[in-house]
Number of protein chains: 2
Amino acid sequence: MKSLKYAILGLLCRHPMTGYEIAKEFNFELAEFWYANHSQIYPELKQLNEEGLVNYDIEISGEILESKRYTITEKGHSDFIKWLHKDEKIQKTPKDVFRLRMYFSGNLDMETRIHLLENQRMQHYKRLNSLKKTFEQYPEVPPRNSDRFGDFIVLRGAIMRQENIIAWIDECIGYSKEDAGE
Amino acid sequence: MKSLKYAILGLLCRHPMTGYEIAKEFNFELAEFWYANHSQIYPELKQLNEEGLVNYDIEISGEILESKRYTITEKGHSDFIKWLHKDEKIQKTPKDVFRLRMYFSGNLDMETRIHLLENQRMQHYKRLNSLKKTFEQYPEVPPRNSDRFGDFIVLRGAIMRQENIIAWIDECIGYSKEDAGE
DNA sequence: AATAAACATGTATACATTGACATGTTCTCT
DNA sequence: AGAGAACATGTCAATGTATACATGTTTATT
């Protein structure tokens with residue numbers, strides 16, 4: 001696996017970053033498909049440094065506050081590129097607690113079932129809108145070789161995924177309401 | 001979270017099962033949204049038994065081969081129903097290694113990028129077809145209160161998800177090929 | 001001047017998950 | 001009669017992840 005390793009190396013390919021900045025990326029922009037807390041990132045950076053895949057320079061803010069700005073090494077870069085080229089089996093479909101609930105929804109009365117579905121729908125809808133807002137930053141498809149192209153297609157994928165979940169929930173609500181009067 | 005606990009209790013709500021049978025479910029039918037190995041299931045069943053949520057009877061096959069058939073207790077049932085009723089925040093969007101790759105695809109030449117996309121597409125397409133095959137078992141929507149209704153909507157969701165991933169990959173291929181001649 | 005938010009880095013504990021180790025029985029097919 | 005698949009249950013070690021613990025500085029706001 002070791003995907004975190006490559007997620008970090010990939011970011012450092014773009015430009016040098018501190019652990020703090022990487023953690024921020026993993027909790028905002030990238031969060032649509034990857035995330036990690038700083039408690040995972042700092043030890044990982046330490047290890048990558050020991051393996052010679054990254055170096056760092058210490059920067060001082062103000063009087064004494066230190067931060068380590070990590071730079072990818074040549075070895076780190078080639079490791080990353082190698083990983084990026086690998087053909088991959090599609091991953092196991094992700095665990096989904098809500099689908100697990102719906103799988104067992106025969107144990108719920110129709111009212112509760114619809115309530116749960118509509119609650120999820122509402123939340124996914126909000127999320128979709130916030131993604132669409134972000135998407136407005138791209139009035140056109142960015143150049144295919146820029147970093148922004150990667151950002152763009154992944155964001156587009158997140159929107160499509162979100163719309164699809166909502167469509168599924170709508171279908172479920174529809175099925176549940178069908179002949180509900182009988 | 002302890003979702004595994006409720007996944008198991010939910011199955012046992014339907015009818016008594018052995019650990020082996022539960023493991024099979026988690027690696028076939030349910031695998032579209034949940035899975036676990038037997039190495040996780042057996043200890044979990046042991047604990048559920050200690051908590052008084054399940055009981056078991058020992059069955060003998062042949063001469064000596066023992067299997068434990070687990071039954072849900074009243075406490076187990078009410079615990080499960082309580083969990084099933086809970087409103088939930090939507091879960092974090094799942095990690096996705098392929099999207100991570102595509103996020104960094106600016107580092108790949110166009111040929112490799114399209115190759116990776118088409119490879120994923122092919123695999124997802126196969127998966128979609130096998131889901132559709134399973135779906136043929138449902139010529140109509142099962143009764144809303146049957147267990148099969150849960151199976152049905154979750155399978156429908158899996159198909160929609162799969163179609164959506166393929167649509168996204170097609171978009172990505174389209175964007176990548178656009179003005180590729182320049 | 002005080003407070004809160006953001007910057008900055010780390011460790012520790014608990015839990016979840018995977019894959020291997022470990023052992024044996026029963027059934028089905030050839 | 002033998003082989004292989006399926007049945008059946010468990011443990012262990014390593015890895016991955018989440019949450020909390022721990023400590024402090026700098027910047028922006030009031």
Side-chain angles (χ1 to χ4, degrees), chain A residues 1-8 11-12 16-28 30-31 33-51 54-70 89 91-97 100, chain B residues 1-8 11-12 16-28 30-31 33-51 54-70 89 91-97 100:
Chain A
M1 289 275 146
K2 284 270 97 186
S3 300
L4 177 62
K5 168 178 168 177
Y6 297 105
I8 291 175
L11 285 179
L12 294 180
M17 292 175 88
T18 67
Y20 188 81
E21 286 165 352
I22 292 171
K24 256 203 313 192
E25 290 283 319
F26 279 150
N27 284 287
F28 294 93
L30 276 74
F33 57 90
W34 208 265
Y35 45 83
N37 296 322
H38 75 275
S39 57
Q40 224 184 328
I41 292 162
Y42 288 120
E44 187 69 35
L45 282 168
K46 195 177 165 187
Q47 209 197 302
L48 292 176
N49 180 247
E50 280 160 14
E51 291 172 23
V54 300
N55 292 323
Y56 64 86
D57 295 301
I58 291 178
E59 289 178 357
I60 308 280
S61 317
E63 294 293 300
I64 52 163
L65 186 62
E66 293 190 352
S67 67
K68 297 179 180 169
R69 188 160 300 272
Y70 286 87
K89 271 212 286 186
Q91 66 183 18
K92 248 186 287 192
T93 149
K95 290 188 179 179
D96 188 322
V97 184
L100 181 66
Chain B
M1 283 288 140
K2 286 269 98 191
S3 300
L4 176 62
K5 167 177 167 176
Y6 297 105
I8 290 174
L11 284 179
L12 294 180
M17 290 174 91
T18 67
Y20 188 81
E21 287 166 352
I22 292 171
K24 257 202 314 191
E25 291 283 320
F26 279 150
N27 284 287
F28 293 93
L30 275 74
F33 56 92
W34 208 265
Y35 45 83
N37 297 322
H38 75 274
S39 57
Q40 223 184 330
I41 291 164
Y42 289 119
E44 187 69 35
L45 282 168
K46 194 178 166 187
Q47 210 197 302
L48 291 176
N49 179 248
E50 280 160 14
E51 291 171 24
V54 299
N55 292 323
Y56 64 86
D57 295 300
I58 291 178
E59 290 178 357
I60 308 280
S61 318
E63 295 291 300
I64 53 165
L65 187 62
E66 293 190 352
S67 67
K68 298 178 181 171
R69 187 160 301 273
Y70 286 88
K89 271 212 284 186
Q91 66 183 18
K92 246 185 287 190
T93 149
K95 290 187 179 180
D96 188 321
V97 184
L100 181 65

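By convention in this document, chain letters (A, B, ...) are assigned in the order of the sequence lines, proteins followed by strands, and residues within each chain are numbered from 1.
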(request) Report the distance from atom CD of B/E59 to atom P of C/dT26, rounded to the nearest whole Å. (result) 14 Å

(message) So which atom in B/I41 and which in B/F26 form the shortest heavy-atom distance, rounded to 0.1 Å?
(response) CD1-CD1, 3.4 Å

(message) Below the 4.0 Å mark, does D/dT17 have OP1 or OP2 next to a side-chain nitrogen or oxygen of B/K95?
(response) yes

(request) Check DNA chain C against residues 60-68 of chain B and give the residues with a non-hydrogen atom under 4.0 Å, in numerical order. (result) B/S61, B/G62, B/E63, B/I64, B/L65

(message) Closest-nucleotide mapping onto DNA chain D: is A/H38 or A/L4 further toward the 5' terminus? I mean the 5' end.
(response) A/L4

(request) Could you pull out the closest heavy-atom pair between B/N55 and B/N49, with the gap in Å? (result) CA-ND2, 3.8 Å

(request) Return no unless some side-chain N or O of B/K46 is found under 4.0 Å from OP1 or OP2 of D/dT11. (result) yes

(request) Quickly, which of A/Y56, A/Y20, A/Y42 forms a side chain to side chain contact (heavy atoms under 4.5 Å, CB included) with A/K68? Name it, please. (result) A/Y56

(request) Over all heavy atoms of both residues, which pair between B/S3 and A/V97 is shortest? Give the atoms and the distance, please. (result) OG-CG2, 3.8 Å

(request) Calculate the interatomic distance between B/Y56 atom OH and D/dG10 atom C1'; express it in whole Å. (result) 13 Å

(request) Please report, rounded to the nearest Å, how far the C1' atom of D/dG10 is from the CD1 atom of B/I22. (result) 15 Å

(request) Output yes when a side-chain donor or acceptor of B/Q91 lies under 3.5 Å from a complementary backbone atom of A/K95, and no otherwise. (result) yes

(request) Please check the phosphate of D/dG16 (OP1 and OP2 only) for any side-chain N or O of A/K2 closer than 4.0 Å. (result) yes

(message) Classify A/K5 by what it touches in the nucleic acid, base, sugar-phosphate, or nothing, heavy-atom distance under 4.0 Å.
(response) nothing

(request) Rounded off to whole Å, could you give me the CE-to-C1' distance for the A/M17 and C/dT9 pair? (result) 16 Å

(message) Between A/E51 and A/Q47, is there a side-chain donor-acceptor contact under 3.5 Å, judged purely by atom types and distance?
(response) yes

(request) Report yes if at least one side-chain N or O of A/K92 is closer than 4.0 Å to OP1 or OP2 of C/dT18; otherwise report no. (result) yes

(request) Side chain of B/S39 only, please: which of C/dA20, C/dC7, D/dT9 is the nearest? (result) C/dA20

(request) Please work out if B/Y35 contacts a base, only the sugar-phosphate, or nothing of the nucleic acid, heavy-atom cut-off 4.0 Å. (result) sugar-phosphate

(message) Can you measure B/N37 atom CG to D/dT15 atom P for me and round it to whole angstrom units?
(response) 17 Å

(message) How many whole angstroms separate atom CD1 of B/I58 from atom P of C/dT25?
(response) 16 Å

(request) Return the value, rounded to whole Å, for the distance between atom OH of B/Y42 and atom C1' of C/dT18. (result) 17 Å

(message) On a heavy-atom basis, which atom in A/V54 and which in A/L12 lie closest, and how many Å separate them?
(response) CG1-CD1, 3.6 Å

(request) Verify the contact: side-chain N or O of B/Y20 to OP1 or OP2 of D/dT9, cut-off strictly under 4.0 Å; return yes or no. (result) no

(message) Using whole Å, what does the distance between atom C1' of nucleotide D/dA13 and atom CD of B/Q40 come to?
(response) 15 Å

